[in-house]
Amino acid sequence: MAIDKIETRIVSSLEKALMTDEVASHPRLEEQSVLLGETFDFQLLVHDHDLNQFSTRGLLVEVEGLPCEVTCRQVTNVLVDMTTNMRDPSLGTPYYIKSESGCYPDILEPLDEDVHYRIIPGRTMALWFTCRPTVAGEFNVKVKLTDETMKMSGLSDPPVLASEDTLKLTVVDAQIPEQKLIYAQWFHADCLATYYNVPILSKKHWDIISSFMKCAVDNGINCLLTPVFTLPLDTEIGRERPTLQLVKVKIEEDGRYSFDFSLLKKWIRLARKNGVKYIEISHLFSQGGCKYATKVVAEKDGELRRIFGWDTPGTGEAYAEFLTQFMPELVSFLRGMGVLEDCLFHISDEPGGEHIETYLKAKSILAPFLEGCRVIDALSKLDFYKSGAVDIPVPITYEIEPFLAEDIPQRWCYYCCVVQFAKISNRFLAYPSARNRILGIQLYKFNMTGFLHWGFNFYYSYQSRRPINPYLTQTAEGRYPAGDCFSVYPGPDGVPYESLRLDVFREALQDISALNLCEQLVGRDRVIELIDSLAGQPITFKEYPAEADYILKLREAVNALIAENVKKTK
């Protein structure tokens, strides 16, 4: 018999259940549709109302009826010390769960090998299920929890059915298309070496890098930040991040430079093996306007020494001469590996209007070697782009409207913590998951080529002053809203733990692919009309429905259109 004091409910992946929530406050998910090959997530909320339990209850988790393998993970809460940088919390309503510090669900932690789940009486908890159906049809999915607490304690009491919930899943007979959006979420390999306390580019470090690369690709990140030289990002002036430089430099007796690309070759081959499509060459000048050279270490007379950095003017003669020798060899190497057409180059991250002159000078140093290559940089002022300084601008979503009015062949955008406290989509822990996933619909509607976010696994404090424990702070020690710095947690043995936010963003990317398929079948105008009509307003990057129900209804309508029109072609 079932245990009447255990309350359960299947809900969508867009629900975020706090420990203090009533299970019934989250809408039940009774049916959903997906495309063939689409990764599908759903949750089971669990609340044990038996406060007489002296310890956690051990439950066996079983899933029946899915036409594929299913992964079950527990949603683990983390302590959030800073939810937002907004001054007036009312600005966030209804786009925040709450603005107070506290515990929020985020880590998707694997269950024990025997698929047992321990629940704590008196709090609402969640299980996260993930599958990828490859067979079309209608399936009745059943999730069963069996109480085996006594058995697990070595006693002989028989297992008792704790709960049983069902979901109708329709798998549409249409393959989800390959992702077209270029998606870069910056990969910080030095943070991995620091957290796991392994030598940089040791065998163990390469193994960890590979594991995190695979996780990134599995979640739609197809453009990998590649540290040709140590990343000149998020570093306090005068301080240094650990040296992680994939191109070895040597100063020869005649004063010229020679370059060894063997480590870069290993990196690119590993990236390709893990499914990375685009190689994002790290910035060649300091962040915020090219004032300084990036950190470069070189061998001279048998010794390694830093030859460029904070004490080197970015557009000075010495660094310019170095780049003049380095760039043609780098480009030649990338062309020889067959990846040059898939490379993206950076000059300086987030330059401001006051940096146009130095940025243009830096660009003039690199331009002779990057003809025909994609050069992109994050910036938010239209006059900067119109000066000719940046080939492919990447404006912040909060200030994207002037860029949308321009005829820019490759449209990119990004977001981070700046002015994100109003209505802009983001993946902060205190945001409802719908505010994370809505970005996919926005990127589709405005025909974006690429999207950039800075923090896949940034495990340092603000400006890289020291390492942090990502399980204790998600805010770079109180500098950025929780959820901005990283989307994965460093699990045991160099294997990442995904976050709820990472999986939901992957769903946003799948929404784009589904909308693209629908467009192929019924035309772009009809898809845009569907997006806006269901929203009750023209969707923009600042105006959109806050409710998860809108996204779910839109996907059901899109899937129905796809199913109807695919059937006509068969």
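The figures that follow rest on heavy atoms only: side chains count, while hydrogens, waters and symmetry mates do not. Every value quoted in this text rests on a predicted model; they were computed, and no experiment measured them.
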**OP:** Would you indicate whether the side-chain heavy atoms of Leu500 and Ser433 approach each other to under 4.5 Å?
**Re:** yes
Original post:
Which residue, Ile539, Ile512, Val558, forms the side-chain contact (heavy atoms from CB on, under 4.5 Å) with Ile441?
Top reply: Ile539
Subject >> Donor-acceptor contact present, side-chain Tyr544 to main-chain Lys423, <3.5 Å >> reply: yes
Original post:
Has Glu22 got more than 12 heavy atoms of other residues, nucleotides or ligands less than 6.0 Å from its CD?
Top reply: no
Subject >> Pro177 to Leu517 - nearest heavy-atom pair and separation >> reply: CG-CB, 3.6 Å
**OP:** Enter the distance from Arg501:CZ to Asp484:CG here, rounded to the nearest 0.5 Å.
**Re:** 9.0 Å
Original post:
Partners of Glu100 by side chain to side chain donor-acceptor pair (under 3.5 Å), sequence neighbours excluded?
Top reply: none
Original post:
Which is it for Arg73 and Asp503 under the salt bridge (Lys or Arg N to Asp or Glu O under 4.0 Å) test, yes or no, and what are the steps along the way?
Top reply: CA-CA 12 Å; Arg73 292 169 288 180; Asp503 278 35; 3.0 Å; yes
Original post:
Any side-chain donor paired with an acceptor under 3.5 Å for Ser487 and Gln185?
Top reply: yes
Subject >> Heavy-atom closest contact (Val217 atom, Val276 atom, distance) >> reply: CG2-CG2, 3.6 Å
Subject >> Shortest non-hydrogen contact between Val488 and Cys215, atoms and distance >> reply: CG1-SG, 3.8 Å
Original post:
Is Arg241 close enough and on-axis enough to Tyr460, meaning under 6.0 Å and within 45°, for cation-pi?
Top reply: no
**OP:** Check whether more than 12 heavy atoms from other residues, nucleotides or ligands sit under 6.0 Å from atom CG of Asp493, and answer yes or no.
**Re:** no
Original post:
Does the pair Lys98 and Thr83 meet the rule for a side chain to side chain contact (heavy atoms under 4.5 Å, CB included), with working shown?
Top reply: CA-CA 8 Å; Lys98 61 178 185 175; Thr83 60; over 6 Å; no
Subject >> Criterion side chain to side chain contact (heavy atoms under 4.5 Å, CB included) on Phe446 and Thr397, from CA distance to verdict >> reply: CA-CA 11 Å; Phe446 293 100; Thr397 52; over 6 Å; no
Original post:
Where the side chain of Gln179 meets the backbone of Gly220, is there a donor-acceptor pair that is under 3.5 Å apart?
Top reply: yes
Original post:
Between Glu280 and Tyr278, do the side chains contain an N or O donor and an N or O acceptor separated by less than 3.5 Å?
Top reply: no
**OP:** Applying ring pair (Phe, Tyr, Trp, His ring centres under 6.0 Å), run through Tyr471 and Tyr497 and close with a yes or a no.
**Re:** CA-CA 11 Å; Tyr471 291 94; Tyr497 283 164; 7.0 Å; no
Original post:
If we only count heavy atoms from C-beta on, is the Lys168 to Asn140 side-chain gap below 4.5 Å?
Top reply: yes
**OP:** Using a cut-off of 6.0 Å, state whether more than 12 heavy atoms not belonging to Arg132 lie near its atom CZ.
**Re:** no
Original post:
At their closest point, which heavy atom of His188 faces which heavy atom of Leu231, and how far apart are they?
Top reply: ND1-CD1, 3.8 Å
Original post:
Under 3.5 Å, is there a donor-acceptor pair between the side chain of Lys16 and the main chain of Leu429?
Top reply: yes
Original post:
To the nearest 0.5 Å, how far apart are CZ in Arg9 and NE2 in His47?
Top reply: 13.5 Å
Original post:
Side chains of Ser33 and Asn559: donor-acceptor distance under 3.5 Å anywhere?
Top reply: yes
**OP:** Decide yes or no for Leu530 and Leu554: does some side-chain heavy atom of the first lie under 4.5 Å from some side-chain heavy atom of the second?
**Re:** yes
Subject >> Residue pair Thr76 / Tyr489, side-chain heavy-atom distance below 4.5 Å >> reply: no
**OP:** Could you walk me through whether Phe428 and Tyr480 pass ring pair (Phe, Tyr, Trp, His ring centres under 6.0 Å), step by step?
**Re:** CA-CA 10 Å; Phe428 300 156; Tyr480 306 118; 9.6 Å; no
Original post:
Listed by chain and number, what are the salt bridge (Lys or Arg N to Asp or Glu O under 4.0 Å) partners of Glu556, not counting sequence neighbours?
Top reply: none
**OP:** For Asp81 and Thr475, test the side chains for any donor-to-acceptor distance below 3.5 angstrom and give the result as yes or no.
**Re:** yes
**OP:** For the pair Phe187 and Phe212, name the ring-plane relationship: parallel under 30°, tilted 30 to 60°, perpendicular over 60°.
**Re:** perpendicular
Original post:
Looking at the rings of Tyr415 and Phe541, which for Trp means the six-membered one, are their centres under 6.0 Å apart?
Top reply: no
**OP:** Mark yes when over 12 heavy atoms from residues, nucleotides or ligands other than Lys553 sit less than 6.0 Å from its NZ; otherwise mark no.
**Re:** no
Subject >> Side chains of Leu35 and Arg555 in contact at under 4.5 Å (non-hydrogen atoms) >> reply: yes
Subject >> Plane angle bin for Phe486 and Tyr459 - parallel if under 30°, tilted between 30 and 60°, otherwise perpendicular >> reply: perpendicular
Original post:
Under 6.0 Å from the six-membered ring centre of Tyr183 and within 45° of its axis: does the NZ or CZ of Lys277 meet both?
Top reply: no
**OP:** Give, for atom CG of Asn197 and atom CG of Leu192, the distance between the pair rounded to the nearest 0.5 Å.
**Re:** 13.0 Å
Subject >> Gln74 side chain reached by Tyr117 side chain, heavy atoms, under 4.5 Å >> reply: yes
**OP:** Enter the distance from Leu127:CG to Ile10:CD1 here, rounded to the nearest 0.5 Å.
**Re:** 10.5 Å
Original post:
Per the side-chain hydrogen bond (donor to acceptor under 3.5 Å, both in side chains) rule, which among Gln43, Glu507, Gln32 passes with Ser13?
Top reply: Glu507
Original post:
Has the side chain of Ser202 got a donor or acceptor atom that lies under 3.5 Å from a matching backbone atom of Ile200?
Top reply: no
**OP:** Give the C-alpha distance, both sets of side-chain angles, the deciding distance and a yes or no for side chain to side chain contact (heavy atoms under 4.5 Å, CB included) between Asp532 and Lys445.
**Re:** CA-CA 10 Å; Asp532 290 343; Lys445 179 177 178 181; 3.0 Å; yes
Original post:
Is any side-chain heavy atom of Glu138 less than 4.5 Å from a side-chain heavy atom of Leu169?
Top reply: no
**OP:** Examine Arg435 relative to Tyr96 and say whether NZ or CZ is less than 6.0 Å from the centre of the six-membered ring and inside a 45° cone about the ring axis.
**Re:** yes
Original post:
More than 12 non-hydrogen atoms from neighbouring residues, nucleotides or ligands closer than 6.0 Å to NZ on Lys180, yes or no?
Top reply: no
Original post:
Between the main-chain N or O of Thr540 and the side-chain N or O of Gln442, is there a donor-acceptor pair closer than 3.5 Å?
Top reply: yes
Original post:
Roughly how far apart are Ile468 CD1 and Arg466 CZ, rounded to 0.5 Å?
Top reply: 10.5 Å
**OP:** Might you point out which heavy atoms bring Asp173 and Val566 nearest each other, and give the distance in Å?
**Re:** O-CG1, 3.6 Å
Original post:
To the nearest 0.5 Å, how far apart are OG1 in Thr226 and CD1 in Ile279?
Top reply: 4.5 Å
**OP:** Taking the side chain as every heavy atom from C-beta outward, state whether Trp454 and Cys485 have any atom pair closer than 4.5 Å.
**Re:** yes
**OP:** May I have the step-by-step check of side chain to side chain contact (heavy atoms under 4.5 Å, CB included) for Tyr431 and Asn426, ending in yes or no?
**Re:** CA-CA 8 Å; Tyr431 285 0; Asn426 213 310; 3.4 Å; yes
Original post:
Taking all atoms of both residues into account, what is the closest heavy-atom pair of Leu443 and Cys413, and its distance?
Top reply: CD2-SG, 3.5 Å
